[in-house]
Amino acid sequence: MSITAGYDVGGAHLKVALAEDGRTVAVRQIPCPLWQGLAALDEAFATARDLTDRAQHHAVTMTGELCEAFPDRVTGVAAILDRMAQLTAQAPLRIWIGQRGMGSAEQARAHPLDVASTNFLASAALAGRQVENALIVDMGSTTTDIIPVVDGIPVPRGLSDGERLRSGELVYSGTTRTDVSCVAKRAQLDGITQRLAAGSFANMADVRRVLGSLPDDVDQHPTLDGRGKSQTESLERFARCFGRDAAEFCADIWRLSAAEIAAQQMDDIADAIQHVLATSKLPAAAPIIAAGVGAFEIAALAQRLNRQHLSFADIANADESCRDWATRCAPAVAVALLA
């Protein structure tokens, strides 16, 4: 039996997947505030050791090189590669090098910008082995990736974050960590549209908790005010976006405001999806493959767009015990299976 551990080293989370003979058998997401330094990666990796110690091979992709701990992407890639090589020294290590595919750590160091933030290509490459034509939409905690796969081959118009922001294939808006003021500048409260306060008062995890739509286990970072994650505390933070206290209006009125802001976010992502569809050669019947911690939102959006949708777990051959997390941690699963 061959066991491979796949890692997606992000700026906020370490995602770990185990694949055994082509089947996804375990997946975990671990908080990893990499902006605080590489010690955060050491701690997250230690938390995952009950999974990773079983691995005979390791495979890595990353987006963490973009975080504030590094002065530029090349430096970030090199630092993460060096640390992951140390942490996985007991077994062979492969690196995802974007369009170059899987390679050695030495090859990755020679092509750092092909390593940087190309985890979306790993998900698309795996999808192309299972579904000939599809649009992958991975809504994570912070960003949303939109990747067309045509005739089994990923065909993004952009490869770097900068290019993909320009092409519309990357939307810097996510399920939990995005500040409300980055999603909406205005919203209704009690039937009157007003401006919102910009001051990191609440994030989209708070909005979705007010709505009761956020799965309990996906928001793994502290809240913006350091308080708890109850619906009541989320509503108190959310009210600050309107310059109010929660007690000034009933819960139903606040939920209407939260629903409007959530809808604004999903409308923005829908616009980006429509743009990518219009500029790709995907056939009209191509399904949307929903991935990320916001896969539930993407599944609903696919229905709204009259598109068939699949879960990333469907193409990852995931055990029932880890289907949700196989979908939420698609790039980690992809590199484990591709390696």
Q. Would you say the side chain of D225 lies within less than 4.5 Å of the side chain of F201, judging by non-hydrogen atoms?
A. no
Q. Given T24 and L337, is the side chain to side chain contact (heavy atoms under 4.5 Å, CB included) satisfied, shown in steps?
A. CA-CA 8 Å; T24 306; L337 291 168; 3.7 Å; yes
Q. Does any donor atom in the side chain of D179 or N203 lie under 3.5 Å from an acceptor atom in the other side chain?
A. no
Acceptor/donor pairs from residues 135-156 side chains to any protein atom, 3.5 angstrom cut, sequence neighbours excluded:
{"residue": "D138", "atom": "OD1", "partner": "G292", "partner atom": "N", "Å": "3.4"}
{"residue": "T142", "atom": "OG1", "partner": "R177", "partner atom": "NH1", "Å": "2.9"}
{"residue": "T144", "atom": "OG1", "partner": "S173", "partner atom": "O", "Å": "2.8"}
{"residue": "D145", "atom": "OD1", "partner": "R164", "partner atom": "NH1", "Å": "3.4"}
{"residue": "D145", "atom": "OD1", "partner": "R164", "partner atom": "NH2", "Å": "2.5"}

Q: Any chance you could lay out the side-chain hydrogen bond (donor to acceptor under 3.5 Å, both in side chains) test for D21 and S2, step after step, and finish with the verdict?
A: CA-CA 5 Å; D21 293 331; S2 174; 4.8 Å; no
Q: State, without any angle test, whether D206 and S234 hold a side-chain donor-acceptor pair at a distance under 3.5 Å.
A: yes
Q) Hey, which of L93, T52, L41 is the one that makes side chain to side chain contact (heavy atoms under 4.5 Å, CB included) with L87? A) L41
Q: Could you check D72 against T75 for side-chain hydrogen bond (donor to acceptor under 3.5 Å, both in side chains), going step by step and ending with a plain yes or no?
A: CA-CA 6 Å; D72 54 62; T75 302; 2.8 Å; yes
List the atom pairs, with distances to 0.1 Å, where a side-chain N or O of residues 185-194 and a protein N or O form a donor-acceptor pair under 3.5 Å, not counting sequence neighbours.
{"residue": "K185", "atom": "NZ", "partner": "S181", "partner atom": "O", "Å": "2.8"}
{"residue": "Q194", "atom": "NE2", "partner": "F242", "partner atom": "O", "Å": "3.4"}

Q: Measure the spacing between CD1 of I80 and SG of C67 and express it to the nearest 0.5 Å.
A: 6.5 Å
**Q.** Side chain to side chain, T279 and R157, heavy atoms closer than 4.5 Å
**A.** yes
Q) Among pairs that include at least one residue of residues 328-339, which meet salt bridge (charged side-chain N to carboxylate O under 4.0 Å, His left out), considering only residues two or more places apart or in two chains? A) D217-R328
**Q.** Same apolar cluster (I L V M F W Y, side chains within < 4.5 Å links), V74/M84
**A.** no
Q: Using modelled atom types only, decide if a donor and an acceptor are shared between the side chain of R240 and the backbone of R244 within a distance under 3.5 Å.
A: yes
Q.
Distance alone, cut at 3.5 Å: any donor-acceptor contact between the side chains of R100 and H111?
A. yes
Q) In terms of side-chain geometry, is the basic nitrogen of R209 or E233 positioned less than 4.0 Å from the acidic oxygen of its partner? A) no
(Q) As a quick check of understanding, evaluate side chain to side chain contact (heavy atoms under 4.5 Å, CB included) for W325 and V333, giving each step before the final call. (A) CA-CA 9 Å; W325 280 107; V333 171; over 6 Å; no
Q. What orientation do W254 and F238 show, parallel under 30°, tilted 30 to 60°, or perpendicular over 60°?
A. perpendicular
Q: Report yes or no: does E163 contribute a side-chain atom to a donor-acceptor pair with the main-chain N or O of L159 at less than 3.5 Å?
A: yes
Q) Where do F70 and L38 land on the side chain to side chain contact (heavy atoms under 4.5 Å, CB included) test, with the steps shown first? A) CA-CA 10 Å; F70 309 115; L38 285 168; 4.2 Å; yes
Q: Can you measure from NE2 (H13) to NE2 (H221) and round to the nearest 0.5 angstrom?
A: 3.5 Å
(Q) With a 4.5 Å cut-off on side-chain heavy-atom distances among I, L, V, M, F, W and Y, is there a chain of contacts connecting L282 to V131? (A) no
Q. Under a 4.0 Å N-O cut-off, is there an ion pair linking R73 with D161?
A. no
Q.
Pairing donors with acceptors under 3.5 angstrom, does anything connect the side chains of Q265 and T178?
A. no
Q. Is there side-chain contact between K15 and R28, with at least one heavy-atom pair below 4.5 Å?
A. no
Q | Distance (rounded to the nearest 0.5 Å) between T47 OG1 and L14 CG | A | 9.0 Å
